[in-house]
Amino acid sequence: MKLTERHKAIIEIVKNFEPITSDEIAEKLSLGKSTLRNDLAVLGMLEILEAKPNVGYYYNYNFSPGEQREEIKSKLVKDVMGIAITAKSTANYSEVLSKLFIYDVGTIFIVDENNHLAGVTSRKDMLKLSRNADGQNLPIVLAMTRVPNVIYIYEDELVSDALRKLILHEIDCLPVVRDEKDGKVIVGKISKTTLIKLLLEMLEG
């Protein structure tokens, strides 16, 4: 997996100031701590950084590409994807909000009458619509990112490609799609949580 510029900046800071806490790293980059959480998790799972409780982060000078990383490079999205929760584009705010709570997810994928990907909505999107006095009855299409602006991934792409897209676009979840006539059908989802769990499982054997 190719490291981003922010990953490289974090590594250099840790090398120069180790041990260093996540708060101190965030301060040096003029970013919020929550913004760095996923970056630090990825660098930790890849064994580039080591974290010691109540101490901080260290650079792993023994870091080198290993079998686990090679396994991650070859793994496909369809091998790790989860179940995508969808809603019709004709649904209203209340109906989609209910699905968020019932399935305990942060993202709902919106499909059209042919079950093709039409958009995506998140908790943040719905929070904006909730400020409207009539929000409960408004159509969900008012609180979604529409195709073609939705970032997606195909089931036969690499897991590393999915991770790269999530980090590059600063999103939490991707719909996994398959091409059909006149649209893309959703066959699953892949999230940052899914990928971090995968990395942890591989590192722990």
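Here the structure is a predicted model, which means the values were calculated and not measured. Values reported hereafter were calculated over all heavy atoms of this structure, with side chains retained and with hydrogens, waters and symmetry mates removed.
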Quiz item: Between the side chain of Asn16 and the main-chain N/O of Glu12, is any donor-acceptor distance below 3.5 Å?
Solution: yes

Practice problem: Could you tell me whether Lys124 atom NZ has more than 12 heavy atoms of other residues or ligands within 6.0 Å of it? | Solution: no

Quiz item: Is there a chain of hydrophobic side chains (I, L, V, M, F, W, Y, each step under 4.5 Å between heavy atoms) that links Leu168 to Leu174?
Solution: no

Quiz item: Of Lys184, Lys78, Arg178, which is the lone residue that meets salt bridge (Lys or Arg N to Asp or Glu O under 4.0 Å) with Glu155?
Solution: Arg178

Quiz item: How about Tyr59 and Leu49: do any of their side-chain heavy atoms sit closer than 4.5 Å?
Solution: yes

Practice problem: Calculate, to the nearest 0.5 Å, the distance between atoms CD1 and NZ belonging to Ile20 and Lys15 respectively. | Solution: 14.0 Å

Practice problem: Looking only at non-hydrogen atoms, find the nearest pair between His116 and Asp182 and report the distance. | Solution: ND1-O, 3.6 Å

Practice problem: Would you kindly confirm whether Leu163 and Ile11 end up in one hydrophobic cluster when ILVMFWY residues are joined by side chain heavy atoms under 4.5 Å apart? | Solution: yes

Quiz item: Does the side chain of Pro175 reach to within under 4.5 Å of the side chain of Lys189, using non-hydrogen atoms?
Solution: no

Exercise. Determine the minimum heavy-atom distance between Met81 and Val187, stating which atoms define it.
Key: CE-O, 3.6 Å

Practice problem: Using a cut-off of 6.0 Å, state whether more than 12 heavy atoms not belonging to Ile83 lie near its atom CD1. | Solution: no

Quiz item: Roughly how far, to the nearest 0.5 Å, is the CD1 atom of Ile13 from the NZ atom of Lys8?
Solution: 14.5 Å

Quiz item: What closest approach, in Å, do Ser89 and Ile140 show between heavy atoms, and which atom pair accounts for it?
Solution: O-CG2, 4.1 Å

Practice problem: Heavy atoms only: give me the nearest Val80-Thr194 pair and the separation to one decimal. | Solution: O-CG2, 3.4 Å

Quiz item: Would Thr21 and Tyr57 count as a side-chain contact (heavy atoms from CB on, under 4.5 Å) if you check the C-alpha gap in whole Å, the side-chain angles of each, and the deciding distance to 0.1 Å?
Solution: CA-CA 6 Å; Thr21 66; Tyr57 287 89; over 6 Å; no

Quiz item: Are Tyr152 and Tyr154 close enough that their ring centers fall under 6.0 Å?
Solution: yes

Quiz item: salt bridge (Lys or Arg N to Asp or Glu O under 4.0 Å) between Lys75 and Asp161: does it pass, once the steps are laid out?
Solution: CA-CA 10 Å; Lys75 194 170 286 291; Asp161 293 327; over 6 Å; no

Self-check item: pair Asn92-Pro139: side-chain heavy atoms closer than 4.5 Å
Solution: no

Quiz item: Linking I/L/V/M/F/W/Y whenever their side-chain heavy atoms sit closer than 4.5 Å, directly or via other members, would Ile151 and Val176 fall into one cluster?
Solution: yes

Quiz item: Are Leu29 and Val42 grouped together when hydrophobic residues (ILVMFWY) are joined by side-chain heavy atoms under 4.5 angstrom apart?
Solution: yes

Practice problem: State yes or no: do Ile110 and Phe101 share one hydrophobic cluster built from I, L, V, M, F, W and Y residues joined by side-chain heavy-atom distances below 4.5 Å, directly or via other members? | Solution: yes

Quiz item: Can you tell me how far the CZ atom of Arg164 sits from the NE2 atom of His169, to the nearest 0.5 Å?
Solution: 11.0 Å

Quiz item: Quick one: does Arg123's side chain get under 4.5 Å of Met126's, heavy atoms only?
Solution: no

Practice problem: Answer whether the closest heavy-atom distance between the side chains of Val185 and Val177 falls below 4.5 Å. | Solution: no

Self-check item: Modelled atom types, side-chain donor and acceptor of Asp39 and His7, under 3.5 Å
Solution: yes

Quiz prompt | Leu100 and Val105: CA distance, side-chain angles, deciding distance, side-chain contact (heavy atoms from CB on, under 4.5 Å) verdict | solution = CA-CA 5 Å; Leu100 278 176; Val105 293; 4.1 Å; yes

Practice problem: Tell me, with the steps shown, if Leu158 and Val77 meet side-chain contact (heavy atoms from CB on, under 4.5 Å). | Solution: CA-CA 6 Å; Leu158 295 171; Val77 167; over 6 Å; no

Quiz item: Step by step, would you call Thr4 with Ile167 a side-chain contact (heavy atoms from CB on, under 4.5 Å)?
Solution: CA-CA 8 Å; Thr4 66; Ile167 293 173; 3.9 Å; yes

Practice problem: For Glu27, look at atom CD and say whether over 12 heavy atoms of other residues, nucleotides or ligands are found less than 6.0 Å away. | Solution: no

Quiz item: Are the side chains of Ile48 and Asn60 in touch, meaning some heavy atoms are under 4.5 Å apart?
Solution: no

Exercise. List the atom of Arg6, the atom of Glu170, and the distance in Å for their closest heavy-atom pair.
Key: NH1-OE2, 3.9 Å

Quiz item: Does the side chain of Leu43 come within less than 4.5 Å of Ile10's, by heavy atoms?
Solution: yes

Self-check item: Atom pair CZ (Phe109) and CD1 (Ile186), whose distance is rounded to the nearest 0.5 Å
Solution: 6.5 Å

Quiz item: Do Lys28's NZ or CZ and the ring of Phe17 fall within the cation-pi criteria of under 6.0 Å and 45°?
Solution: yes

Quiz item: Short question: side chain of Lys99, backbone of Thr86 - any donor-acceptor pair under 3.5 Å?
Solution: yes

Self-check item: Value rounded to 0.5 Å, distance of NZ in Lys88 from CD in Glu95
Solution: 12.5 Å

Self-check item: Positive for side-chain contact (heavy atoms from CB on, under 4.5 Å) with Leu166, one of Ile171, Asp172, Ile153
Solution: Ile171

Self-check item: Asp125 to Val120 - nearest heavy-atom pair and separation
Solution: OD2-O, 4.1 Å

Quiz item: So, are Arg146 and Asp112 salt-bridged, with charged N and O less than 4.0 Å apart?
Solution: no

